[in-house]
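Below: the structure, in C-alpha cells.
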Protein chains: 2
Amino acid sequence: MDILMKSVKLEMNGKLYVKDPESSDLGRKIIEHSILLIDEIGFECFTFKKLGARIHSNESSIYRYFENKHKLLLYLASWYWGWMEYRMVFATNGISDPVKKLKKAIEVLTQNVEEDSSFSHVNEVVLNKLIINEYSKSYLVKEVDQENKDGYFTISKRIVSRISKMIQVVDENYPYPLSLASTILEGTLHQYFLAEHFPKLTNCNEKITPTQFFTDLIFRTLNLKLNG
Amino acid sequence: MDILMKSVKLEMNGKLYVKDPESSDLGRKIIEHSILLIDEIGFECFTFKKLGARIHSNESSIYRYFENKHKLLLYLASWYWGWMEYRMVFATNGISDPVKKLKKAIEVLTQNVEEDSSFSHVNEVVLNKLIINEYSKSYLVKEVDQENKDGYFTISKRIVSRISKMIQVVDENYPYPLSLASTILEGTLHQYFLAEHFPKLTNCNEKITPTQFFTDLIFRTLNLKLNG
DNA sequence: CAAATATAATAGTATTACTATCATACTCTA
DNA sequence: TAGAGTATGATAGTAATACTATTATATTTG
C-alpha cells in the first residue's frame, strides 16, 4: 500500500457519529479497538462498556462519539467501503481497455485483504473479517429505509453502480448489470464466510479464491475472453 | 399447493427445541405467531415476553419450547428450507432432461412465495419475507461452527449440494458448482431484499424476477440453451 | 378419582442500553 | 497566569432484556 494512503482521510457521513472520531485520540482509539473487539467477541456480545474497559476509558465517553453500537457498525462499514472504493478507483484509473478495467475492479473487490496496510489506525485485515461476519446486520434492520434516506449506504451503492457501469461498457445488451454487480459484492463476503465455516458449500479454499470464481463467472456471463 | 402437503410433517433436528412445538396447541401457536411478530417488528425487537402477550400466554411457557430466540430462528429457518427442499424435489422428480431439471430447481428456489399455501399453521408467504430479512443472522454468529456440528444447517446445505450436483450433470467440467449453487441460494434472498429496499442496486422489480436473473446467469455460465 | 403433566403467574437476577449529573483535567486565550 | 471553555471520567440511576426458579392452577390420562 502506497504511503500516500496514510495521509488520505476518508470522508464520512456526519450523521453517523455524534462527534467525529477522527478528531481526537479517544475517537481514534474507539475505532481502532472496536474493530478488534467486535472481531473477537462478535457484534451481539460487543458493548460500549466492554470497549470502555478495554481502552481504559468510560462507557459514557464512548456515547459522546456514537449514539449506539449499530451506528458504530454503520460507520465501520462506511469506512470499509470508502477504502474499497478508493482502492478500486485507484487501481482501475489508468486502464482504457474496458474488459481489463472490469477485470481489475472485480479483482480489487473480491481479493482477500491479507496485508495490514494500516491506513491510519485502522487494521484493514481485521476490518475485512469484521465486514464478512457483520456487514449484513447493518442493513437487515427495520430502520433500513430511513437509514438509506439518511445516506448511510451511499458508498457501497456507488461501488455497485461503478461495477454495473463497467459491465454495461463491455456488454451494453446484458440485461442485469446491477443485479450482477450487487451479487458480486455481497457474494464475495458470503464465499469467504463459507470457505471459513462451511467448506462443503463452496469451491473456494486456500487454492481457489473468490476472485477466480467471480472473474470466471463474469467472463462466462458476458462471454468475454481472458487476456483478450 | 396440493392437499397432500397439509398432512406432511417436516422432520426437524430435535436439538433445536426443548419441547417439540408440533406436539401441542401452544407450540403451534408459538410457531404461527412468532413468524408474524418477527415479520412485524424485526428480530432485534422480538422478545418472548412480547410473543407471550400476543398469544395470551406466558413468557415462561415459551421458554419451555425454545431455549432462546436464536434457537427459534434456527428452527424457523430449518422449517423453511425443509419446505423448500420438499417442493424442489417434488417439482423436479419426474424430469429426466438434466437441463430442464436444473432449470426447474432454480425456478422453485428463486420464485417469490406469493400464495399462502398454509402448510399446517405456518404462513409461508410471511415466513419467506422473514427469511429474506433475518436468515443471515442465524449463521452470522460466533457459535456457528458448534451449531453447524450440531446439524442445525443440514437442510440448506443439502439444497446447495443438490443444486451443485445438478450443475455437475449438465457440465461436468464447470469448476465451481458449489460456489455457484450457494451464490444462487443466498443471492436470491439478497436480490429480493434489494428490490424492496435498494431498487437502484438491482434490476429485479415487479417485471423482472430473481428467477429470470439467476436462470439467465446459470444458462450463460454453463453455456446452455433455453428450451434446448 | 388420583396422578401426572402442561401452563400460568409471580418474583427475582444479571446484563444491556442507555441518560443524567457532577467532578476533574487540559487547553486556549485575554 | 487567571479564567473560560471543552474533553473526559466517575458514579448513579432507569427501563428493558434475557433469562431462572418457584408455586399455583388447570387439564389430561390411566
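Chain naming here is simple, since letters A, B, ... match the order of the sequence lines and numbering starts at 1 in each.
Classified by interplanar angle (parallel below 30°, tilted 30° to 60°, perpendicular above 60°), the ring pair B/F193/A/Y139 is tilted. Aromatic ring pairs are classed by plane angle as parallel below 30°, tilted from 30° to 60° and perpendicular above 60°; the pair A/Y86 and A/F90 is parallel.
Residue whose closest nucleotide on DNA chain D sits further toward the 5' end, between A/K19 and B/R64: A/K19.
Taking five base pairs at each end of the helix from C/dC1-D/dG30 to C/dA30-D/dT1 and finding the rotation axis that steps the C1' atoms of four pairs onto the next four gives two axes whose angle is 10°, to the nearest 10°.
Close to C/dA6, at under 4.0 Å from its OP1 or OP2, lies no side-chain N or O of B/Y65.
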Using the rule given for salt bridge (Lys or Arg N to Asp or Glu O under 4.0 Å), can you reason through B/E44 versus A/K142, listing the C-alpha separation, both sets of side-chain angles and the distance that settles it, and then say yes or no?
CA-CA 9 Å; B/E44 284 74 22; A/K142 278 282 156 186; over 6 Å; no
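Contact of the A/F46 side chain with the A/L73 side chain is not registered, since no non-hydrogen atoms from C-beta on lie closer than 4.5 Å. The shortest distance between side-chain heavy atoms of B/I35 and B/D39 does not fall below 4.5 Å. Proximity of A/Y176 to B/Q212: side-chain heavy atoms (C-beta onward) are separated by under 4.5 Å at one or more points. A heavy-atom distance below 4.5 Å is not found between the side chains of B/P177 and B/M166.
Against DNA chain D, the stretch residues 23-41 of chain A makes heavy-atom approaches under 4.0 Å through A/S24, A/L26.
Boundaries of the chain A contact region on DNA chain D are D/dA7 to D/dT11, first to last in 5' to 3' order (nucleotide atom under 4.0 Å from a heavy atom).
Side-chain N or O atoms of B/S179 include one that pairs as donor or acceptor with a backbone N or O of A/N203 at under 3.5 Å. When atom types are taken as modelled, the side chain of A/T215 and the backbone of A/T211 share a donor-acceptor pair closer than 3.5 angstrom.
Salt bridge status for A/K104 with A/E107: present, with a side-chain N to carboxylate O gap under 4.0 Å. Looking at A/E40 and A/R54, a side-chain N of the basic residue comes within less than 4.0 Å of a carboxylate O on the acidic one, giving a salt bridge.
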Tabulated below should be each protein N or O lying under 3.5 Å from an N or O of nucleotides 11-19 of chain C; please produce it.
{"unit_1": "C/dC18", "atom_1": "O5'", "unit_2": "A/Y63", "atom_2": "OH", "d": "3.1"}
{"unit_1": "C/dC18", "atom_1": "N4", "unit_2": "A/E59", "atom_2": "OE1", "d": "3.3"}

Taking N or O atoms only and anything under 3.5 Å, show me the protein contacts with nucleotides 24-29 of chain C, one pair per line.
none

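Residues passing the side chain to side chain contact (heavy atoms under 4.5 Å, CB included) test with A/V89 are A/E85, A/R162, sequence neighbours excluded.
Of the listed residues (B/Y152, B/F153, B/Y135), just one forms a ring-ring contact (aromatic ring centres under 6.0 Å, His included) with B/W81, and that residue is B/Y135.
The environment of NZ in A/K49 is sparse: at most 12 heavy-atom neighbours from other residues, nucleotides or ligands sit within 6.0 Å.
Nearest heavy-atom pair, A/I167 versus A/L102, reported as atom, atom and distance to 0.1 Å: CG1-CD1, 4.0 Å.
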